[in-house]
Amino acid sequence: MPEAETTPADARRCTIAVVGTGYVGLSIAILLAQHHDVVALDIDADRVRMLQDRRSPIDDPEVADHLANRPLNLRFTVEPKEAYAGAEYIVIATPTDYNPETNYFDTSTVEGVVRDVIAINPDAVMVIKSTVPVGFTRELSARSGSDNILFSPEFLREGKALWDNLHPSRIVVGETSERARGFAALLQQSAEDPDVPVVLTDSTEAEAIKLFANTYLAMRVAFFNELDTFAATHDLNTRQIIEGVGLDPRIGQHYNNPSFGYGGYCLPKDTKQLLANYRQVPQSLIEAIVTANTLRKDFVATDIMRRSPRRVGIHRLIMKAHSDNFRASSVQGIMKRIKAKGVEVVVYEPGLAEDTFYGSPVVRDLEQFKADVDVIVANRMSAELEDVREKVYTRDLFGGDQ
């Protein structure tokens, strides 16, 4: 697929609305507000007030720094009319969780925004950043009667969302028009890296790029986890095997650190949605990736139970450092399996307001947590656990998310 010839010089100053202030929306709003007039809309009034005080509601160092210390043409509102009226581009970054009953992303928030924009500012170009099923944008355009809907996937990591926007691996826009070229130029202009690859393609191909990219990452996680399962079962040195395998430059020494399984907001739902899109297409690999993730959690839980624990402590529900999100985190699957065996489980998660999590007590005092459990389960090893390393169960070999 050829790269599009766009340059930051193609970008003129624009008025832009961003809907949603999660990792995707907030990072894009900040990125674009360096050179353009941006208003960010969210339905959560408390979140908007926090952002108006230039305080970040998400755990992302670059986001916090830019909000507090950088000049930004950025304001926040809970009023759709205030956001949409006069906007040339409206970036949609609302949640699209996967619904296991329908085998489909819940795209109702995206569709709601599109309806509102058509009613308030039908000339605005709507750019969907939320992850959607393959074919969704084309179908939504036909159903809504609007030809002003584009899809542009994001490729961001939680906790590094703004950094990944400032240093993008590529910019993909699902249309080959001048307006798509213009939107790509906006993103290029605000990036700190020169010569960012830009791909302009059809909307359905852009949707497939997003889902296949995340499914490949999930496959890589699953592969090294199965390698670790094999090595642990046969009492082999996992690290030595991974390092030897990774010396092949086609494989590389990256994204290879064993874990409890892929999780978080994107990979689980994106792999399942892609599998659903394969309904009438022969496949085995995509389904195997989803199955492998379940088997990995089974293995880890069984391995922990070999220690005959009386009380297990879960050290952090989050997937990785510099993240405050634990939606679908793999450690939750481990926790449920251990509890099903009748073992008491407590959770150390200082950022959790509730006193229980799925029926397990939440502890916020780290020293008390370390003293009260006989096995500490940690998806990623932390320096604060070094003094009780003998209690820690982890598959983290390389000390990071890689």
Side-chain angles (χ1 to χ4, degrees), residues 14-80 82-84 87-97 109-110 112-113 116-117 124 126-132 151-169 171-172 183 186-192 210 264-266 269 318-327 351:
C14 294
T15 301
I16 303 166
V18 177
V19 189
T21 59
Y23 282 97
V24 177
L26 184 55
S27 61
I28 290 173
I30 292 171
L31 178 85
L32 295 174
Q34 297 176 110
H35 301 288
H36 302 277
D37 299 310
V38 178
V39 55
L41 170 69
D42 203 290
I43 60 174
D44 187 334
D46 291 336
R47 192 180 189 92
V48 167
R49 280 191 290 270
M50 186 176 185
L51 287 164
Q52 288 170 336
D53 292 336
R54 289 298 192 262
R55 294 182 293 122
S56 175
I58 61 176
D59 188 353
D60 187 305
E62 282 78 16
V63 166
D65 174 62
H66 278 67
L67 281 175
N69 304 313
R70 307 295 179 92
L72 300 171
N73 306 305
L74 177 60
R75 57 194 175 90
F76 301 91
T77 184
V78 294
E79 298 295 337
E82 181 184 348
Y84 301 155
E88 298 168 73
Y89 289 97
I90 296 175
V91 179
I92 303 173
T94 56
T96 52
D97 295 330
T109 59
V110 174
V113 171
D116 290 345
V117 172
M126 293 168 274
V127 182
I128 299 173
K129 280 285 183 181
S130 307
T131 306
V132 297
F151 177 73
S152 176
E154 51 80 17
F155 305 97
L156 310 177
R157 296 167 293 171
E158 292 177 4
K160 287 289 186 179
L162 181 53
W163 196 97
D164 287 339
N165 265 314
L166 293 168
H167 307 275
S169 58
I171 294 169
V172 178
F183 183 73
L186 297 182
L187 300 178
Q188 270 186 302
Q189 177 191 36
S190 299
E192 294 182 355
K210 168 65 176 181
Y265 183 59
C266 293
K269 71 186 184 81
I318 57 176
M319 284 296 300
K320 50 192 173 183
H322 303 299
S323 171
D324 56 2
N325 175 35
F326 49 82
R327 287 175 292 187

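Sequence positions, counted from 1, serve as the residue numbers for this chain.
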_Measuring only between side-chain heavy atoms, which start at C-beta, is Asp46 closer than 4.5 Å to Met50?_
no
*Indicate the atoms forming the closest heavy-atom contact of Ala83 with Thr77, along with that distance.*
CB-CG2, 4.1 Å
*Would you find a donor on one side and an acceptor on the other, under 3.5 Å apart, between the side chain of Thr96 and the backbone of Val132?*
no
_Heavy-atom side-chain proximity of Leu41 to Val113 below 4.5 angstrom_ = no
*Side chains of Val78 and Arg49: closer than 4.5 Å at any heavy-atom pair?*
no
*Carefully, step by step, assess Gln34 and His66 under the rule side chain to side chain contact (heavy atoms under 4.5 Å, CB included).*
CA-CA 10 Å; Gln34 297 176 110; His66 278 67; 4.2 Å; yes
*For the residue pair Ser56 and Val63, what are the closest heavy atoms and their distance?*
OG-CG1, 3.4 Å
*Of Asp60, Asp164, Asn165, Thr21, which meets side-chain hydrogen bond (donor to acceptor under 3.5 Å, both in side chains) against Ser27?*
Asn165
*asked:* If you define the side chain from C-beta out and look only at heavy atoms, does anything of Asn73 sit under 4.5 Å from Val38?
replied: no
*Which value, rounded to the nearest 0.5 Å, describes the distance between Thr15 atom OG1 and His36 atom NE2?*
10.0 Å
*Got a second to check how far Asp44's CG is from Leu51's CG, nearest 0.5 Å?*
9.5 Å
*Over all atoms of both residues, closest heavy-atom pair of Tyr89 and Cys14*: CE1-SG, 4.3 Å
*Nearest heavy atoms of Ala191 and Pro168, plus distance in Å*: CB-CD, 3.8 Å
_Nearest 0.5 Å, please: how far is CD1 in Ile171 from CG in Leu187?_
5.0 Å
*Using the side chain to side chain contact (heavy atoms under 4.5 Å, CB included) rule, take Arg54 and Leu74 through it: C-alpha gap first, then chi angles, then the decisive distance, then the call.*
CA-CA 10 Å; Arg54 289 298 192 262; Leu74 177 60; 4.3 Å; yes
*Do Leu166 and Leu31 pass the side chain to side chain contact (heavy atoms under 4.5 Å, CB included) test, and can you show the C-alpha distance, the side-chain angles, and the key distance before you say yes or no?*
CA-CA 7 Å; Leu166 293 168; Leu31 178 85; 3.7 Å; yes
*Atom OG1 of Thr131 and atom CZ of Phe151: how far apart are they, to the nearest 0.5 Å?*
6.0 Å
*Please name the pair of heavy atoms, one in Gly22 and one in Arg47, separated by the smallest distance, quoted to 0.1 Å.*
CA-NH2, 3.8 Å
*May I ask you to test the Arg157-Trp163 pair for a side-chain heavy-atom distance under 4.5 Å?*
yes
*In Å, rounded to the nearest 0.5 Å, how long is the span from CD1 of Ile28 to CD of Glu154?*
7.0 Å
*What is the distance from atom OG of Ser190 to atom CD1 of Ile30, rounded to the nearest 0.5 Å?*
12.0 Å
*side chain to side chain contact (heavy atoms under 4.5 Å, CB included) between Leu186 and Ile16: does it pass, once the steps are laid out?*
CA-CA 10 Å; Leu186 297 182; Ile16 303 166; 3.9 Å; yes
*Judged by atom type as modelled, is there a donor-acceptor pair below 3.5 Å linking the side chain of Glu62 to the main-chain atoms of Ala161?*
no
*Determine the minimum heavy-atom distance between Lys210 and Pro153, stating which atoms define it.*
CB-CB, 3.6 Å
*Quick one: are Ile90 and Tyr84 in side-chain contact, heavy atoms under 4.5 Å?*
yes
*Does Glu192 use its side chain to pair, donor to acceptor, with the backbone of His167 at less than 3.5 Å?*
no
